[in-house]
Amino acid sequence: MIPLPGSRALAVLVTALALLLAPLRAANKEINLFAWSEYFPQSVLGGFTRETGIRINYETFASGEEMLAKLLAGGTAYDLVQPPDYIAEALIRNRLLLPLDRAKLPGVSNLLPEYLNLPHDPEQRYTVPYMVSTVGIVVNTERIKEPVTGLADLFAPRHAGRIVVVDDARELVTAALYVLGYPLNEINAKNLAEARPLLAQWMKRIKLYDSDSPKTALLNGDVDLGYVWGGEAARLWSENPKFAYVIPKEGAHQFIDVMAIPEGAKNVDAAHRFIDYLLRPEVSKAISDEFPYTNPNGAARRLLSAEQLANPASYPPGNRKFDTFRHLGETGALIDELITDLKNSR
Amino acid sequence: MHALSDTAPAPAGGRRAGVMAWLLLAPLGLWLVLFVVVPIAGLAVYSFCQRDDLGRVIYDFTWENYARVFDPIYLRILGRSVGYAAVTTVICVAVGYPVAWFIARQRSPLRERLLLLVMIPFWTSFLIRTYAWIAILKTEGLLNGLLQFSGVVTAPLSLLYTPTAVIIGLVYAYLPFMILPIYGSAEKLDNALVEAAHDLGAGPIRAFSEVIIPLTWPGIAAGILLVFVPAIGMFAITDLMGGAQVPLIGNVIQNQFFRARNAPFGAALGIVFTLMFIVTYALAHRRRRSSASP
Amino acid sequence: MPSAAVIEIREVTKCFGSFTAVDGVSLDVAAGEFLTLLGPSGCGKTTLLRMLSGFETPTRGALRIDGEDVTHLAPYRRNVNQVFQSYALFPHLTVAENIAFGLRMQKVPAAEIERRVGEVIDLVALGGFSARRPHELSGGQRQRVALARAIVPRPKVLLLDEPLSALDAKLRQQMQLELKRLQRHLGMTFVFVTHDQEEALTMSDRIAVFNRGRVEQIGSPSDIYHHPRTTFVADFIGEANLLRAEALSRTPAAVRLRVEGGLEVEIPAERWPSDWTSGVVSLRPEKILVSKRPIGDAAGFTARVTDELFQGALDRLHLQTESGTRLTALVANESALREAIHAGDTVWCGVHSDDVAVVGPA
C-alpha cells in the first residue's frame with residue numbers, strides 16, 4: 001500500500017481526536033456499529049436515525065477474525081458488533097458479550113426456530129441472528145458442461161486454473177475434511193496431515209483467492225467455478241441464471257451472522273432498539289432486497305417475492321442439514337500454518 | 001592551499017542550536033516519536049509475547065515467535081518477496097531511468113509539465129488505480145480485447161492473477177518513486193560534463209556508463225531504496241492482481257494480525273523486516289559514501 | 001605566420017529558431033596558430049566554437065578540420081578537445097583519472113596512459129595532486145586539470161571557451177602567460193574564446209572580432225588595435241575618440257581630412273574610399289600628444305583641459321575644443337620629464353597621421 005504518509009498521519013490524528021471527544025457524546029444518541037462491509041442498506045440505517053434520532057457510526061471489517069482482532073485491541077468502544085456464530089461463541093466463552101434484555105426485543109419472535117438456540121448460544125442469551133449464509137459451489141454452466149455435484153468434482157484436474165475460492169484457510173481445510181469424511185470441527189494434527197496432500201493438489205488448480213468479492217472474477221470471465229459465500233452466489237444468480245449454485249454433496253456448512261452487544265458498550269439501550277428495529281419484517285425484507293442472503297426472519301420471508309425465494313443460493317432447495325463452525329482454540333494456528341505453507345510451496 | 005582548508009573539519013562545538021531551532025524541530029520530533037518510535041517499540045514488545053486462544057496478547061516472555069520467523073516456510077516467503085521486489089526494482093530502474101533523464105533534459109515549461117504527468121496518478125487512490133489494471137488485464141478486459149481485435153492472438157491470454165500481473169502492478173505502483181529521485185539527480189547534472197565526456201572521445205554508451213551513471217548514482221540509490229524496501233512488504237497488489245495465490249511477506253504479516261490473530265508472531269515478522277530495511281539502507285548509504293569520497 | 005590551414009570554416013551559419021547566432025562566417029586557422037574569437041556576449045563566438053567541437057551542427061556551410069569535413073561529425077569522433085568555461089571536471093574521478101579519461105576512451109595501453117598522464121601533470125605543475133578530487137582543488141588548480149585533460153590526447157586543435165573567466169585578476173594574468181607558453185611549447189593550434197579584449201591582445205597570434213554573428217575584423221593584435229576598420233572594433237577594443245571627418249582635398253597618394261575639433265591631417269589615399277566626402281575616424285586617447293605648445297611639424301589642435309584624473313600609471317585628461325568637441329587623452333604621469341598640466345589649462349594636442357584610423361562612413 002502506498003498511502004501518502006501525511007494521509008495516514010491525518011487519519012491517526014482524526015481518530016485520536018475522536019477518542020478524546022468520545023466522552024462528550026450524549027448517551028444513547030448514537031451507536032458505534034462494527035459490522036461486515038456491504039451488509040446494511042443505507043435506507044435501513046437512515047430509516048432508524050430518522051425514526052429515533054439516534055446516529056449510527058458504521059465501521060466495517062472484512063473477516064470474522066479481523067473483527068475479533070480489532071475488538072480485542074480496544075480503541076473504539078463499540079455498542080454493537082456483528083460476529084459470525086463461531087466468533088460469537090468465542091466471545092461468549094470469554095465473557096466479552098453482554099446478555100441481551102429480551103424484554104426490549106419483542107421482534108425475536110419473528111425469527112424461525114431452526115436459527116435459534118444453536119450450539120454457539122444455546123439459550124439465545126447473547127445474540128440475535130441477522131442473516132444466514134451457506135458456503136457452496138458456483139458453476140458457470142455456459143462454460144462448464146460436465147455436472148459438478150461436489151467438492152471432488154470442483155477441484156478435478158480438468159478445472160485447473162478456472163477456480164476462485166474464498167481466501168480463508170479454514171474454509172479450504174473444511175472442504176478437504178468433508179471429502180475425507182471427517183467432521184468439520186475436528187481439527188487436529190492427524191486430520192490435517194491427511195488433508196495436506198489433497199489440499200496441495202487442489203491448491204495447484206486454484207486461480208484466485210478472494211474473500212471480498214469472489215463474484216467479480218466469475219462475472220469477468222476470469223474463472224468459471226467458485227467455492228464462495230452463498231450471498232455472493234445469490235447475487236450472481238440474480239445477475240445471470242447461468243451461474244448455478246450447488247450445495248456440495250460431501251457436506252456443507254452455514255454461517256449465522258448475529259448481532260451482539262460487547263462488554264464496555266456505552267449505549268446499551270440504543271443498541272437494543274436498533275436490534276429490534278432490524279427484526280421488523282419490512283426492515284428485514286429491505287435488507288434481503290439488497291443483500292440476498294438466507295433470511296432467518298420468518299415474518300420477513302413472507303414479504304419476499306417468488307423470484308427472491310426461488311434463488312437457489314439464498315434458499316437452497318430440499319431439506320439439507322447444514323453444519324456450523326465451532327470456535328477453535330489453539331488449533332486454529334495449525335490451519336493457518338498449513339495453508340500458508342501450501343500456498344508458499346507452489 | 002585552498003584545498004586543505006576546504007576539507008578541514010569544522011571546529012567542534014562551533015555551532016550551537018538556539019532555543020528557536022529546537023522549537024522548530026519539536027513538531028517533527030513529536031511526530032517521529034508518536035508515529036515511528038512508539039509503534040515500533042510496541043511491536044518489539046509484542047514480538048516477545050504470547051497469545052491466548054482468542055488472540056489476545058499475553059505479556060509472557062518468549063523467543064518462540066522469532067524461532068518461527070526462521071522456519072523454512074517463512075524464510076522462503078521472505079526470499080520470494082525479496083525476489084519479486086528485486087525484479088520490480090530492476091524493471092523500475094530500466095524503465096524509470098530513461099524517462100527521468102529525458103524529462104530532466106527538457107526545457108523549463110515542458111519539463112514541469114512532464115513531471116506533473118508522472119505525479120498525476122497520486123491524485124487517485126492507489127486501490128482505484130489497481131482496479132483499473134484489473135479491468136485492463138482481465139480475460140475479457142481491454143488488453144485482451146485489443147489483442148484479439150487486432151488479430152495478434154485468437155484466444156484471450158491469461159494475464160490477471162499471474163506473477164506477471166503482480167510484477168506489472170508493483171512496477172506501476174512504484175515507478176514514480178524511481179523516476180522522481182533519478183530526475184532530481186539528472187536535473188542537477190551539468191550538461192557540460194556530458195559534453196566533456198563526448199569531447200574526450202566517449203561515445204553515447206561510454207559517456208553513459210562512465211559519467212552519467214556514476215554522477216546520478218545518488219538518485220538511483222534513493223530510487224532503489226524507495227522501491228525495493230516497500231515492494232518487499234506490499235500485500236494489496238499480490239492479493240488483488242496475483243489472486244492471493246502466492247503469499248509474500250506483507251500478506252503473511254497482514255494475515256497474522258487480521259486473520260490468524262497472532263499479533264506476537266506478526267510483530268516478530270515486522271521487526272525482522274524493519275531490521276532488514278535498516279541493513280539495506282546502511283549498505284546503500286555506505287556504498288554512496290565510499291563512492292563520493294577518495 | 002604558420003602555413004597550412006588546420007581549420008577551414010566556410011560560410012557557416014547557425015540559426016536557433018528565428019535567431020541567427022552565426023551569420024555566414026568564413027575563417028581559416030593555421031596550424032600552430034593562437035586564434036582568439038573576441039566579442040561581447042551573444043555575438044556568436046561561443047556558438048562557432050561549439051560547432052568546431054561538434055556540440056552544435058551548422059544550419060548552413062561547412063567545417064573542415066585537418067582536411068576532413070567534420071560538419072556533421074559527432075563530437076567524440078573529432079580530433080579536437082575543449083577546455084570548458086566551467087572546467088567540467090568529472091567530480092567522481094581524481095585528478096589523474098580525469099586527465100586519463102580521453103586516453104582511456106582511445107584505448108591507449110595502461111602503461112602509456114600512466115606515462116603520459118604523469119608527463120602532463122608535471123607540465124601543468126600539478127605534481128602531488130593526482131589523487132585529489134576536483135572539489136579539493138582551488139580554482140586555478142582546476143583550470144590546470146581541465147587544460148591537462150584536454151591536451152593529453154594530443155588533439156589537432158584545442159578549443160578554449162573563456163577558460164580564465166572564473167579566476168581572479170592576478171591569477172588570470174599568470175594563467176594567460178602560462179597558456180601562451182604552453183601553446184608555444186606544444187605547437188598546438190588554439191582557438192580561444194573570450195570577451196576580454198586585454199586577454200585577447202595579450203595572448204593571440206590573430207584576433208577575430210565578432211559582432212552580431214559576423215566577423216567584423218580579423219588580424220594581429222596590433223593591427224586590430226592600431227587600425228580598427230569599424231566603429232565597433234575601435235570602440236570594443238581599447239578606448240577610442242570617435243570623430244567625424246571631411247575630405248578637404250585628394251591627390252593620388254593622399255587625402256587631406258578635417259577632423260571634428262579642428263585637426264587637419266593627411267592620410268594615405270588607400271585608407272579613404274574615393275567616393276566618401278565624410279567619414280568617422282578613431283583616435284586612441286594615448287596617441288594624443290598633449291603639451292603646452294606645438295611640437296615639431298605634427299598636425300594638431302588646441303583644447304581646454306576640463307578635468308584631470310589621476311589613474312596610477314597614467315593621467316586621464318578630459319578635453320574640450322573651441323568648437324565644443326569632447327575628447328579623452330591618456331598621458332604618462334607627471335614627472336620630471338613632463339611639464340605639469342592641470343585642469344583649466346589650454347593645451348596643444350598633436351596627432352600623428354598613422355594614428356588616425358578610418359573606421360566607417362559618417
Side-chain angles (χ1 to χ4, degrees), chain B residues 1-10 97 101 104-110 182 184-222 284-294, chain C residues 49-50 52-56 73-108 126 128-142 146 149-153 155 158-159 161 171:
Chain B
M1 290 278 126
H2 297 251
L4 285 181
S5 63
D6 283 351
T7 51
Y97 199 102
W101 180 257
R105 297 287 110 177
Q106 300 308 305
R107 283 168 200 279
S108 184
L110 180 60
I182 294 179
S185 281
E187 198 246 309
K188 269 185 273 167
L189 177 67
D190 183 0
N191 200 43
L193 293 171
V194 183
E195 288 185 344
H198 287 315
D199 187 66
L200 291 164
I205 293 170
R206 297 208 76 179
F208 186 69
S209 63
E210 306 244 0
V211 174
I212 297 174
I213 290 272
L215 291 180
T216 50
W217 176 249
I220 301 171
H285 193 64
R286 216 166 73 190
R287 166 90 198 265
R288 201 174 344 158
R289 284 232 322 242
S290 69
S291 72
S293 59
Chain C
L49 192 81
R50 288 173 61 80
L52 288 172
S53 50
F55 302 136
E56 307 285 356
L73 197 67
Y76 47 88
R77 298 192 200 284
R78 298 186 184 201
N79 194 8
V80 300
N81 285 135
Q82 182 170 338
V83 177
F84 291 81
Q85 185 171 11
S86 61
Y87 311 143
L89 299 180
F90 303 124
H92 60 300
L93 301 180
T94 62
V95 166
E97 288 165 343
N98 261 284
I99 296 172
F101 192 90
L103 297 176
R104 277 206 301 124
M105 295 304 120
Q106 292 177 2
K107 303 208 164 57
V108 173
L126 279 172
F129 291 92
S130 57
R132 296 268 180 103
R133 281 177 201 258
H135 67 91
E136 299 169 299
L137 301 177
S138 70
Q141 290 166 335
R142 285 181 213 184
R149 185 178 71 174
I151 60 175
V152 77
L158 188 72
L159 308 170
D161 183 12
L171 196 54

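Fair warning: this is a prediction, and the values are worked out from it, not measured in the lab. So that the names make sense, note that chain A is the first sequence line, chain B the second, and so on, each numbered from 1.
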Query raised in the report: Under the ring pair (Phe, Tyr, Trp, His ring centres under 6.0 Å) rule, what pairs show up with a residue in residues 196-216 of chain B, not counting sequence neighbours?
Result: Tyr97(B)-Phe208(B), His198(B)-Tyr76(C)

Requested in this report: Provide the closest heavy-atom pair for Leu193(B) versus Pro91(C) in the form atom of the first, atom of the second, distance.
Outcome: CD1-CD, 4.0 Å

Query - Heavy atoms from other residues, nucleotides or ligands near CD1 of Ile205(B) exceed 12 (cutoff 6.0 Å) - result: no

Query raised in the report: Under 4.5 Å between any side-chain heavy atoms of Phe101(C) and Glu210(B), yes or no?
Result: yes

Requested in this report: Check the surroundings of atom CZ in Arg105(B): do more than 12 heavy atoms from other residues, nucleotides or ligands lie under 6.0 Å from it?
Outcome: yes

Query - Proximal component of Ala207(B), with respect to chain C [non-hydrogen, under 4.5 Å] - result: neither

Report task. Write out, in numerical order, the residues from residues 79-86 of chain C with a heavy atom short of 4.5 Å from a heavy atom in chain B. Result -> Val80(C), Asn81(C), Gln82(C), Phe84(C), Ser86(C)

Query raised in the report: Given that the side chain runs from C-beta out, which part of Leu93(C) has a heavy atom under 4.5 Å from chain B: side chain, backbone, both or neither?
Result: neither

**Report entry** Separation of Arg50(C) CZ from Asp199(B) CG (nearest 0.5 Å)
**Finding:** 10.5 Å

Requested in this report: Look at Leu200(B), Leu215(B), Asp190(B) and state which one has the largest set of heavy-atom pairs under 4.5 Å with chain C.
Outcome: Leu200(B)

